[in-house]
Amino acid sequence: MIRVLFAAGPQNWAEYEAPLRAAFAEAGLDADLSPDHAPGQADYIVYAPKAGLEDFRPFTRCKAVLSLWAGVETIVGNQTLIQPLARMVDPGLTEGMVEWVAGHTLRHHLNIDHCLAHQSGAWVRHIPPLARDRHVGVLGLGALGTACARTLAMLNFRVTGWARGRKDIPGIECQSGRDGLDAVLRRSEILVLLLPLTPVTRNLIDERALSLLPRGAVILNPGRGALIDDDALLAALDSGHVGHATLDVFRTEPLPPEHPFWGHPRVTVTPHIAAETRPDSAARVIAENIRRGEAGLPFLHLVDRGAGY
Ligand SMILES: NC(=O)c1ccc[n+]([C@@H]2O[C@H](COP(=O)([O-])OP(=O)(O)OC[C@H]3O[C@@H](n4cnc5c(N)ncnc54)[C@H](OP(=O)(O)O)[C@@H]3O)[C@@H](O)[C@H]2O)c1
C-alpha cells in the first residue's frame with residue numbers, strides 16, 4: 001500500500017480527491033490517499049503553496065514531493081526539503097495558457113480595443129497588419145512558453161523565443177544569453193513573459209529592458225509579477241513607450257486595491273487566471289509520477305534546485 005499525503009489544503013482536497021482516486025485506479029496503484037497521514041508514514045506528498053506544510057524534516061519515508069503548481073519559487077529554496085521535487089506540467093494548464101496568450105495577443109494585434117471604443121457611427125477603417133508582419137517575443141521556452149510560441153507561429157506571427165539553454169523549435173527563432181535577450185526585446189511588438197521567478201529572472205524587465213522595446217510595444221505577463229520592475233513599467237506606460245500591459249500576476253496577490261495598475265488606462269489586470277491546474281489531467285500526472293517512483297524510474301518534471309525552477 002502506497003501512502004499519499006494530500007497536503008494541498010482543504011479547498012484543493014474537495015476538487016482533487018475524486019480525480020486523484022480515479023487516476024490512481026486507472027494507473028493500477030494500490031494507493032491510500034488522505035490529508036491526514038502521519039508525517040512518518042507518507043510515501044509521497046501532493047503539495048501546494050500556502051497550505052500549511054513548510055517543514056519537510058519529519059517526512060522520513062517520503063520519496064517525492066509532487067507540486068500541483070507549475071511555479072515553484074516559494075518551495076524551491078526550502079532547506080528542510082531534501083526529497084525530489086516535481087513541478088506540475090499539466091496538459092490542461094498548458095491549454096489554458098495557450099488560450100490566454102493567443103487571445104490577448106490577438107486582442108492587441110487586431111486592435112480590438114479601438115473597435116470597441118469607436119461604435120458611434122463613424123466609418124473609420126484601420127486595417128491591422130497581418131500576423132506575418134507582427135513580431136512577438138516569448139521569454140521562456142519551457143512547457144508553457146513553447147506551447148504558446150508554437151500556437152502563435154501557427155497563426156503566422158513572427159515569433160522569437162528566449163531561454164537559458166539553446167533551443168531548436170521549428171518555426172521559431174530561438175535566442176539565449178544576454179545578447180539574445182536584447183535582440184528579442186528590440187524587435188518584440190508584443191512581448192510574452194513565461195519565465196519562472198528565480199534570482200536571475202527577478203526584475204529582468206527593468207528600465208533598460210523596457211527601453212529596448214519598440215515604441216508602443218505591448219507586454220503580456222502571465223509568468224510572475226516580480227519579473228517586471230513595476231515602477232519602471234509604470235513610467236514606460238505613462239510616457240507611451242509601452243503601449244499596453246496585460247498582467248495576470250503581481251508581486252502581491254490579490255493586487256491591492258490602491259495599486260496604480262488598477263484603473264490605469266494602459267493596463268489590463270486579470271486575477272491570476274491565465275492557466276489553472278486542471279484536476280482531471282493533473283491527477284493523471286501525479287499518478288504517473290508515483291507509478292514511476294514505484295517502478296524505480298526517474299520522476300518527470302523534476303525541479304533543478306540550483307537553477308531555481
Ligand atoms: N499565470 C498563471 O496562471 C500561471 C500558470 C502556470 C505557470 N505560470 C508561470 O509560468 C512559468 C513558466 O512555466 P513553465 O511550465 O513553462 O516552466 P518551465 O517549463 O520550467 O520553463 C521555464 C523556461 O524559462 C527559461 N528560463 C529560466 N530561467 C532563465 C534564465 N535565467 N534565462 C533565460 N531563460 C530562462 C527556461 O530555459 P531552459 O528551457 O533553457 O531551461 C525555460 O525555457 C512558471 O514558472 C510560473 O511562474 C503562471
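Atoms within a ligand are numbered from 1 in the order they appear, just like the ligands themselves. This one's a predicted model, so the numbers in the text were calculated from it and none came from an experiment. In what follows, every heavy atom counts, from backbone to side chain, and hydrogens, waters and symmetry copies are set aside.
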Under 4.0 Å to a heavy atom of R224 - the qualifying atoms of ligand 1, by number:
8 (N), 9 (C), 46 (C), 47 (O), 48 (C)
Just to check, does L197 reach to within less than 4.0 Å of ligand 1 when the distance is taken from its heavy atoms?
no
Among protein heavy atoms, which lies nearest atom 9 (C) of ligand 1, and at what distance?
G223 O, 3.5 Å
Between P222 and ligand 1, does any nitrogen or oxygen pair lie at a separation below 3.5 Å?
yes
Check whether T80 reaches the backbone of E54 with its side chain - one donor and one acceptor, N or O, closer than 3.5 Å.
yes
Below 4.0 angstrom from a heavy atom of L194, which ligand 1 atoms are there? Numbered from 1 as shown, please.
10 (O), 12 (C)
Applying side-chain hydrogen bond (donor to acceptor under 3.5 Å, both in side chains) to R107 and T268, what does each step give before you reach the verdict?
CA-CA 12 Å; R107 167 190 170 193; T268 300; 2.9 Å; yes
Can you list the atoms of ligand 1 that are under 4.0 Å from a heavy atom of G165?
40 (O)
Side chain of D133, backbone of P129: donor and acceptor closer than 3.5 Å?
no
If only atom types and distance count, is the side chain of D90 paired as donor or acceptor with the main-chain N or O of R278 below 3.5 Å?
yes
In terms of the angle between their ring planes, are H244 and H108 parallel, tilted or perpendicular, with boundaries placed at 30° and 60°?
tilted
Mark up the atoms of ligand 1 that fall under 4.0 Å of a heavy atom belonging to G140, in ascending order.
23 (C), 24 (O), 43 (O)
As a check for students: among T270, L141, I273, V138, identify the option with a heavy atom nearest to atom 43 (O) of ligand 1.
L141
So do E189 and H109 actually touch side chain to side chain, heavy atoms under 4.5 Å?
no
For atom 38 (P) of ligand 1, the protein heavy atom that lies nearest, with its residue and separation:
Y309 OH, 3.5 Å
Polar-atom distance check: W162 versus ligand 1, any N or O pair below 3.5 Å?
no
Under 4.0 Å from one or more heavy atoms of L195, ligand 1 contributes atoms 11 (C), 24 (O), 25 (C), 26 (N), 34 (N), 35 (C)
Report yes if A275 has an N/O atom closer than 3.5 Å to an N/O atom of ligand 1; otherwise report no.
yes
What protein heavy atom sits nearest atom 34 (N) of ligand 1, and how far off is it?
R164 N, 2.9 Å
Closest non-hydrogen protein atom to atom 23 (C) of ligand 1, residue and atom name please, with distance?
G142 N, 3.7 Å
Contacting atoms of ligand 1, where contact means under 4.0 angstrom from a heavy atom of A70:
6 (C), 7 (C)
Report yes or no: does V249 have a heavy atom closer than 4.0 Å to ligand 1?
yes
closest protein heavy atom to atom 4 (C) of ligand 1 is M97 CE, 3.5 Å
min-distance protein heavy atom vs atom 18 (P) of ligand 1 -> R87 NH2, 3.2 Å
For atom 22 (C) of ligand 1, what's the nearest protein heavy atom and its distance?
P196 CD, 3.6 Å
Return a yes/no value for D248: is any of its N or O atoms, backbone included, closer than 3.5 angstrom to an N or O of ligand 1?
yes
Atoms of ligand 1 under 4.0 Å from any heavy atom of H272, numbered from 1 in the order shown, are 1 (N), 2 (C), 3 (O)
So which bit of T146 gets within less than 4.0 Å of ligand 1, heavy atoms only: side chain, backbone, both or neither?
neither
Is the closest basic N to carboxylate O distance between R284 and E288 below 4.0 Å?
no
Looking at W162 and G177, what are the two nearest heavy atoms and their distance?
NE1-O, 2.8 Å
At a non-hydrogen distance cut-off of under 4.0 Å, which region of E276 contacts ligand 1 (side chain, backbone, both, or neither)?
neither
Under the 3.5 angstrom rule, does the side chain of S176 hit a backbone N or O of R166 as a donor-acceptor pair?
no
Taking the basic N atoms (NZ, or NE/NH1/NH2) and the acidic carboxylate oxygens, is any pair closer than 4.0 Å for R57 and D55?
yes
With a 4.0 Å cut-off, would you call D304 and R87 a salt bridge?
no
Any Y309 side-chain heavy atom under 4.5 Å of V200 side chain:
no
N289 side chain vs L300 backbone, donor-acceptor pair below 3.5 Å:
yes
Taken to the nearest 0.5 Å, the spacing of L68 CG from L20 CG works out to 7.5 Å
Does R187 pair with E173 as a salt bridge, N-O distance under 4.0 Å?
yes
The answer for which part of V200 has a heavy atom under 4.0 Å from ligand 1 is side chain
How are the rings of F250 and F261 set to each other: parallel, tilted or perpendicular (split at 30° and 60°)?
tilted
A143 versus ligand 1: do any nitrogen or oxygen atoms come within less than 3.5 Å of each other?
yes
To check your reading of the model: name the closest protein heavy atom to atom 7 (C) of ligand 1, its residue, and the distance in Å.
L144 CD1, 3.4 Å
Options G96, G71, C174, ranked by nearest heavy atom to atom 44 (C) of ligand 1, top entry
G71
